[in-house]
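Before any comments, here is the structure.
The chains referred to below are lettered A, B, ... by the order of the sequence lines, with proteins before strands, and numbering in each begins at 1. The analysis underlying the following values was restricted to heavy atoms, covering all of them including side chains, and did not include hydrogens, waters or symmetry mates.
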Amino acid sequence: MHHLQVKDLSSAYGPLTVLKGVNFTLAKGETAALIGPSGSGKSTVLRVLMGLNKPTGGEVLIDGAALDYSRPASVRAARERMAIVFQQYNLFQNMSVLRNVTIAPVKIKGRPRKEVEAEAERLLSKVGLADKHHAYPDELSGGQQQRVAIARALALRPQILLLDEVTSALDPELVNEVLDTIRGLAADGMTMLIVSHEMAFVREVATKVVMMDEGLVVEQGPPEQIFGAPKTDRAREFVGKILRH
Amino acid sequence: MLLLEAMGTTLAMTAIGCVLGFLIAFVIVFLRQTPGLWALPIRFLAICYVEVFRRIPFLVVIYLVLFFIRSIVSEVSLFTIAVVAICIYSTAYTADIIRGGFESVSRQQIEAARAMNFSRWQTLMNVIVPQSWPVILPPAVAFAISFIKDTALVSQVGVFELTFRGKELNNEGFSALLVFGTIAFLYFLMSYPLSRWGRWLEQRLASSPSQRSKQRLRPAYSP
Amino acid sequence: MNYTFQFGVAFAELPELLKGAIITFELGILAFWGGALIGLLGAALKTYGTGPLRWLAGAYVVFFTNTPALIQIYFLYFGLPELGIRWSSFTCTLIGLTLNAGAYLTEIMRAGYISVRSTEVEAAETLGMSRWQQIRYVVVPHIAKTIYPALANFFIVILVMGTSIGAIIGVDELTGQAINISTENYRWIEMFVVVAGIYVILTFIASLSLALVGRWAFRVKAKVF
Ligand SMILES: Nc1ncnc2c1ncn2[C@@H]1O[C@H](COP(=O)(O)OP(=O)(O)O)[C@@H](O)[C@H]1O
Ligand SMILES: [Mg+2]
């Protein structure tokens, strides 16, 4: 059984249909990369999974159980199991780093504050920010903020971590510190779905690549297949384009 | 000193009315932003309330409150009636200020909270309110301060506040120039320092949370 | 509650009330335009003036924005007769409101003056515009666009909050008419509910027209709501 299965998923912004039946699967411990040209619907897939956008059709199954996004309880369940890290970090500007990481486990899940704070400190050390607990987001660099955002997502203890172009808003010299963090997570066996334009990185860490175009998955498989011997014309064209860069 | 007592009444009814109005406005804005079809009537009522009361003179509101309350229960003090009228009016005005403040918080902040399973109320209290009160407080305070003057109208139904006391003194035979000059001066004494303080507050709140947390640590230092 | 509503009585007085509404509009429009002239001058003095003139404009604004309009009108209506000047209640309300509006409009217009950025004027200069053309095509449109929403909003405030104050010293505008009629027929609640409705309709018409004018003349997106 698949850990996460997305079946014929469709979604729209008003009259504009942006997902037209997306299919892919994710196994436990797998690091899947979602790639494709800008505007192909990658972010929308993640947003639908998190219940931020409504699906108009199709199914999402976690461990074989379907999520019904029209039911609030089901949306809550989805957000229990998955956590997302946004391109623009979206740290709460009114909270210190430590509070950003601890607020949801303490207030939403009702775990004891002491325990959560200890865990938050461990997570912050893991992303290399042990000394920044009391800083506010606007005092940190983009790379640091993004690492806090990753720690915040991990503190929710998600089964699946969704990362949406987490390095795109960063200055080039800050990209590596965030990529290192993600490498570490992959090595720990975290199940991840990563949207990324860092193709070298995708090749290195992804165990599976899902390529999207115009709201559809055009090809999926191991990175060697997608980058080395793509089966579809569309995938070949896209790979050719990015490899020329 | 009856004048001092009258000033106290003016300040007290403005303060109580505006603070209550602020709290009610807060709830109204929350209701107004309830999503979903079933909440349509609630949203409609909340919008109507704000739109209607912003378009009616305060004097008309005072008369409506007076006669409406008196027709239900006769034993209500004029002070209570004044407070209710002020509250109704300030609710309508502050609701708009609060809504503007809430809308100034970026969508992404709210989405981040929702994605972490914050309920609407938890998002409001933990993210929206802490981020928007620097935007909300200055105009809300400015409104309350400027409303001190407008409460002069409740003298019309006989509330013993500053303007009413002035009319009494005038009827007792004191020169109107002198009496109303003094009353104007006393209003000025209440309004002007408070409005200066309001402006100071606005400047202070214009800094980010991280800067404010440092200001708390070093209160003595101000450039 | 043993009170039976009789709105028929109130609606029967509609013609009288509408007469009052006309006076309300007269007061509102006259006070607004009078105040606008004062505001234009006051803002110029506060922005470009020097010495005592600038101070005077500042003192005028501070005084009138920190004391109740009602007291200012009382001062004219009850105070001035002691100096031998006797004006009707309409005149006193109009003058009081005009002076009051002038102070607020000074502040609004000053914001407009300040908002003109020198870079825009310089850009106009480099295009070879004459001084007059600069004012006509760059400065005035810019100011109008900046302050139009605030002006439109303030007109509604004057029309509603301001004019009704006249009722207290016996001007027969909308609220005054309601008081006059209610003291005779004792239908206070019905009268004031109907009057409130008239105010809502009148101001709605006013804000709608102001929004349309703003969009057409200055390409401002003024809100009706
Ligand atoms: N808030 C929005 N409103 C309307 N259309 C949107 C919105 N966000 C994205 N879209 C459209 O949806 C499509 C998919 O967007 P997105 O999922 O963000 O693509 P990607 O992340 O692959 O670049 C694009 O055509 C984009 O224009
Ligand atoms: Mg995207």
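Each of C:Thr93, C:Leu99, C:Thr98, C:Leu97 was checked for a side-chain contact (heavy atoms from CB on, under 4.5 Å) with C:Ile95, and the lone residue meeting it is C:Leu99. Partner B:Phe26 forms a side-chain contact (heavy atoms from CB on, under 4.5 Å) with one of B:Leu31, B:Thr94, B:Leu124 and no other, that one being B:Leu124.
A parallel orientation is assigned to the rings of B:Tyr192 and B:Phe188, their planes being inclined by less than 30° (bins at 30° and 60°).
Between chain C and the residues B:Phe58, B:Phe53, B:Phe67, B:Tyr187, the largest count of heavy-atom pairs under 4.5 Å involves B:Phe67. Taking chain B as the reference chain and counting heavy-atom pairs below 4.5 Å, the highest number among C:Thr175, C:Ile168, C:Val200, C:Leu70 is found for C:Ile168. In terms of heavy-atom pairs under 4.5 Å with chain C, the best-connected choice from B:Val50, B:Leu153, B:Val73 is B:Leu153. Residue with the most contacts toward chain B among C:Ile201, C:Ile198, C:Thr203: C:Thr203 (heavy-atom pairs, distance under 4.5 Å).
Taking the six-membered ring wherever Trp is involved, the centroid distance between the rings of C:Tyr113 and C:Tyr48 falls below 6.0 Å.
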Could you check C:Ser182 against B:Tyr63 for side chain to side chain donor-acceptor pair (under 3.5 Å), going step by step and ending with a plain yes or no?
-> CA-CA 11 Å; C:Ser182 316; B:Tyr63 276 111; over 6 Å; no

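Residue B:Ser175 touches chain C through both its backbone and its side chain, counting heavy-atom pairs closer than 4.5 Å. Contact of C:Ala69 with chain B is not made at all, since no heavy-atom distance falls under 4.5 Å. Of the two parts of C:Leu174, neither the backbone nor the side chain holds a non-hydrogen atom closer than 4.5 Å to a non-hydrogen atom of chain B. Of the two parts of C:Thr65, only the backbone, made up of N, CA, C and O, holds a non-hydrogen atom closer than 4.5 Å to a non-hydrogen atom of chain B. Using a 4.5 Å cut-off between heavy atoms, C:Val195 contacts chain B through its side chain alone, with no backbone atom that close.
Inter-residue side-chain proximity for B:Ile183 and B:Leu3 is flagged as met; some heavy-atom pair is nearer than 4.5 Å.
The minimum heavy-atom distance linking B:Arg32 with B:Ala46 is given by the pair CB-CB, 3.9 Å.
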